Every structure is written in structure tokens, then in C-alpha cells.
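Below: the structure, in C-alpha cells.
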Amino acid sequence: MDDLLYASNSPSHLQAFEDTLGKRFSIELMGQAHWYLSSRITQEANFNISIDQSRYCLSVVKRYLDTAGCPKINRIHSSPLPAEFISSADDCSTNQEAVRTLEERFNIAYDSCVGALIYLAQTRPDIAFSVNKLAKFSRSPGIKHFKAVLHLLRYLRDNTYLGLRYFSNVNDSPIYKSLRDNKINETGLLLAYSDSSWHDDVDSGRSTGGYLISYMGGIVDHSSNMPGPVALSSAEAEYNEACLATMALAHIQLFQIELENEQVDAASITNLSLVISC
């Protein structure tokens with residue numbers, strides 16, 4: 001038995017799909033979706049749609065933080081990582097025995113915890129950078145990495161009910177309000193932001209970049225990454241990440257065209273909007 005989530009802006013198409021499927025298979029129609037793959041879907045009266053993984057987030061915190069072998073800290077954590085945290089292989093454990101000792105001390109299976117956080121990051125772009133950095137050391141994490149994971153778990157404890165929201169009127173979204181405040185007159189529904197550091201990875205000299213792609217005012221794709229080339233300047237680092245963001249944006253637009261059953265050709269990829277933060 002499988003679950004199926006389907007959507008359309010045409011009631012007649014929905015009805016035809018259900019009738020066709022019902023003739024071939026024995027199905028049970030559950031009505032409007034409220035949960036899917038541990039994600040809660042909320043449709044508001046004004047047709048804004050929100051998606052969050054708050055229940056999954058609570059289970060992650062309960063599983064890894066509430067049972068952690070460390071003092072309870074009740075102060076509010078407003079950032080996913082400590083301000084002074086710098087990810088480095090120099091802080092890794094020297095061998096697997098040292099890793100097991102730390103896992104017993106903190107009562108946390110590091111790789112399992114990071115894997116759970118990777119899934120949570122689907123609807124939590126705010127932790128994508130942190131999870132990306134911590135995942136690099138899943139093989140041999142050191143005490144500094146365990147403490148950073150604990151900090152991230154406490155941040156999730158204090159900021160559990162965040163998620164994604166898509167707006168029936170994009171002018172109501174914070175993204176487009178921010179653009180107007182900065183006198184950027186953008187009317188397209190598909191929009192990308194990109195930004196990059198320069199030379200921040202102390203192990204390789206590479207630059208950490210990231211992008212957010214929004215549709216109807218909500219994030220549909222995001223990434224925190226380190227492009228392969230070692231940038232020789234901050235400008236090159238920005239261009240490298242802008243290139244990745246534009247490629248991802250083009251793929252999203254092609255997918256949108258396919259969903260709308262339009263003809264795909266080179267001329268279809270137009271009006272791509274990218275905001276580069278420098």
C-alpha cells in the first residue's frame with residue numbers, strides 16, 4: 001500500500017484523475033492533505049500554504065538532546081552554531097575508539113544525529129549551513145563537533161515551529177516586501193538569492209556558498225556548498241556561487257514548464273531573476 005499526493009488547479013482534472021485511478025485500483029481518497037512524509041501541510045483561509053516538520057523536529061530533539069549526557073542549559077539559543085565555531089579537521093578524533101568514547105560521554109550517535117538533521121533541513125534552510133559543516137566530520141568527530149551538535153539541537157529546541165510558507169499573493173511575502181524596501185522592482189514568481197564567503201574553509205581554502213530559490217514567496221530549493229574551484233578573490237567566489245544558483249534556477253524553471261505542459265525549448269529559459277548578496 002502506497003500513499004499518493006496529487007494536486008491541480010483544475011477541479012475537473014482532479015476528478016478525472018481520481019475516476020481513472022479508481023477504475024484500475026482499489027483506492028481510498030483521504031481528502032485534503034494535512035501530513036506527508038513527516039511534514040505538516042496547512043492551508044489557510046486566504047489560500048496561503050505552510051509546510052513544516054515541527055513534529056519531526058520535536059522527535060529529533062527528544063531523541064538526541066533530552067537524553068544527552070551533558071548539563072541542561074535553558075538559555076535561549078538564537079543561532080544554529082556558536083559564534084566562535086570554525087569547522088576544521090584539526091579538531092577531529094584521532095581514531096574510532098576516541099569517537100566511541102565521546103559518543104558514550106555525550107550519549108549521542110553523531111552520524112545518526114547528523115543524518116536526522118539533514119532530513120529536517122529540507123524545510124529548515126536556517127540550519128542548512130550548520131548541518132553541511134557538521135556532516136563533513138561524521139567519520140571522526142571531535143569534542144568540538146559534539147558540542148556544536150548540542151548547540152544546534154538546543155537551537156531547534158528553542159525554534160521548533162519554523163517552516164516554509166507559500167503565498168497566494170506574492171506581494172504579501174517577506175521576500176517581495178524586502179525587495180520593495182530596497183527599491184528592487186521584481187514581479188517574477190521564481191526568484192533566487194546567492195551569496196558566498198571567501199576562503200573560509202581552513203582545511204582546503206575553498207569558499208562556502210549558498211543559494212535560496214523561491215516560488216510564490218516560499219523556498220523551493222536551497223543549498224549550502226563549497227564549489228570545486230578555489231576562488232582567488234571574493235568576486236570569483238560570488239561568481240562561482242551565482243553560476244550554481246543560476247543552473248539550479250534554470251532546472252526549476254524547466255520543471256515548472258513541464259508541469260504546465262508547455263513546449264520546452266531554449267527560448268523557454270527566460271526572465272531568470274537572481275539577487276547576489278555581496
Side-chain angles (χ1 to χ4, degrees), residues 5 7-10 32-34 36 39-54 57 78-80 120-132 155 159-197 208-225 235 237-262 264 267-278:
L5 185 65
S8 174
N9 59 0
S10 169
Q32 183 171 308
H34 298 286
Y36 192 73
S39 298
R40 179 173 59 175
I41 305 171
T42 305
Q43 183 168 306
E44 302 169 9
N46 60 1
F47 297 104
N48 291 347
I49 296 176
S50 300
I51 301 176
D52 69 80
Q53 292 175 282
S54 55
C57 182
S78 58
S79 62
L120 179 61
Q122 292 185 102
T123 59
R124 294 291 300 264
D126 56 322
I127 68 170
F129 172 86
S130 308
V131 174
N132 175 277
Y155 169 80
N159 301 272
T160 302
Y161 298 97
L162 300 180
L164 306 174
R165 175 172 291 179
Y166 304 92
F167 295 80
S168 57
N169 182 355
V170 294
N171 292 319
D172 295 335
S173 70
I175 289 178
Y176 285 81
K177 288 180 180 178
S178 173
L179 290 174
R180 291 196 299 272
D181 290 343
N182 288 278
K183 302 189 182 333
I184 299 175
N185 298 318
E186 178 55 54
T187 59
L189 300 181
L190 198 58
L191 178 68
Y193 288 80
S194 78
D195 194 12
S196 179
S197 65
T208 302
Y211 63 77
L212 297 172
I213 298 178
S214 73
Y215 183 73
M216 298 302 294
I219 304 302
V220 294
D221 189 18
H222 66 273
S223 175
S224 176
N225 56 74
E238 296 286 357
Y239 275 114
N240 286 340
E241 191 58 36
C243 179
L244 291 178
T246 304
M247 288 190 293
L249 189 59
H251 292 156
I252 294 289
Q253 189 177 50
L254 282 171
F255 181 58
Q256 177 190 0
I257 292 170
E258 184 178 347
L259 287 177
E260 294 174 353
N261 201 29
E262 296 180 4
V264 178
S268 301
I269 309 302
T270 58
N271 299 322
L272 296 179
S273 300
L274 177 66
V275 178
I276 303 175
S277 177
C278 299

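In what follows, every heavy atom counts, from backbone to side chain, and hydrogens, waters and symmetry copies are set aside. The first residue of the sequence shown is numbered 1, and numbering continues consecutively from there. Because the structure is a prediction, the values reported are computed rather than measured.
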What's the separation between atom OG in Ser194 and atom CG in Leu249, rounded to the nearest 0.5 Å?
10.5 Å
Output the distance between atom NE2 (His251) and atom CD (Gln256), rounded to the nearest 0.5 Å.
14.5 Å
Show your reasoning for whether side-chain contact (heavy atoms from CB on, under 4.5 Å) applies to Arg124 and Leu162.
CA-CA 7 Å; Arg124 294 291 300 264; Leu162 300 180; 3.6 Å; yes
What are the two closest non-hydrogen atoms of His222 and Leu212, and how far apart are they?
CB-CD2, 3.5 Å
Heavy-atom pair with the smallest gap, counting every atom of Ser39 and Ile51
CB-CG2, 4.0 Å
For Gln53 and Thr123, does a side-chain donor sit closer than 3.5 Å to a side-chain acceptor?
yes
Of all heavy-atom pairs linking Ser196 and Glu238, the shortest is O-OE2, 3.3 Å
Arg165 CZ to Asp52 CG distance, which is reported to the nearest 0.5 Å:
10.0 Å
Which heavy atom of Asn48 sits nearest to which heavy atom of Phe167, and what is that distance?
OD1-CA, 3.3 Å
Tell me which one of Val170, Asp221, Leu190 satisfies side-chain contact (heavy atoms from CB on, under 4.5 Å) with Tyr215.
Leu190
Going by the rule side-chain contact (heavy atoms from CB on, under 4.5 Å), which residues pair with Ser10 if we only count those two or more places apart in sequence or in a different chain?
Ser8, Ser12, His13
Side chains of Tyr155 and Asp126: is there a donor and an acceptor less than 3.5 Å apart?
yes
Could you tell me which non-hydrogen atom of Ser168 sits nearest to which non-hydrogen atom of Asn46, and how far apart they are?
OG-O, 2.8 Å
With a 3.5 Å distance limit and no angle check, can you tell me whether Thr160 reaches the backbone of Ser54 through a side-chain donor-acceptor pair?
no
Could you pull out all residues at least two apart from Ala121 that satisfy side-chain contact (heavy atoms from CB on, under 4.5 Å)?
Ile127
Output the distance between atom OG (Ser130) and atom CG (Asn132), rounded to the nearest 0.5 Å.
9.0 Å
Say you draw a straight line from CD of Gln122 to CG of Leu164; how long is it, rounded to the nearest 0.5 Å?
10.0 Å
With sequence neighbours left out, the residues meeting side-chain contact (heavy atoms from CB on, under 4.5 Å) with Asn185 are none
Contacts of type side chain to side chain donor-acceptor pair (under 3.5 Å), residue Ser224, not counting sequence neighbours:
none
Ile49 vs Met216 side-chain heavy atoms within contact, under 4.5 Å:
no
Please round to the nearest 0.5 Å and tell me the distance separating atom CD1 of Ile175 and atom CD of Glu186.
11.5 Å
Would you sort out whether Tyr166 and Val220 count as a side-chain contact (heavy atoms from CB on, under 4.5 Å), showing the intermediate values?
CA-CA 9 Å; Tyr166 304 92; Val220 294; 3.8 Å; yes
Where do Arg40 and Tyr161 come nearest, in terms of heavy atoms and distance?
NH2-CD2, 4.4 Å
Determine whether more than 12 heavy atoms belonging to other residues, nucleotides or ligands lie under 6.0 Å from atom OH of Tyr36.
yes
Output all residues satisfying side chain to side chain donor-acceptor pair (under 3.5 Å) with Gln43, sequence neighbours left out; order by chain, then residue number.
none
Show me the donor-acceptor pairs, under 3.5 Å and distance only, between side chains in residues 177-184 and residues at least two apart or in other chains.
| unit_1 | atom_1 | unit_2 | atom_2 | d |
| --- | --- | --- | --- | --- |
| Arg180 | NH1 | Asn171 | O | 3.4 |
| Arg180 | NH2 | Asn171 | O | 3.0 |
| Asn182 | ND2 | Ser178 | O | 2.8 |

Do side-chain atoms of Tyr211 reach the backbone of Ala248 as a donor and acceptor pair under 3.5 angstrom?
no
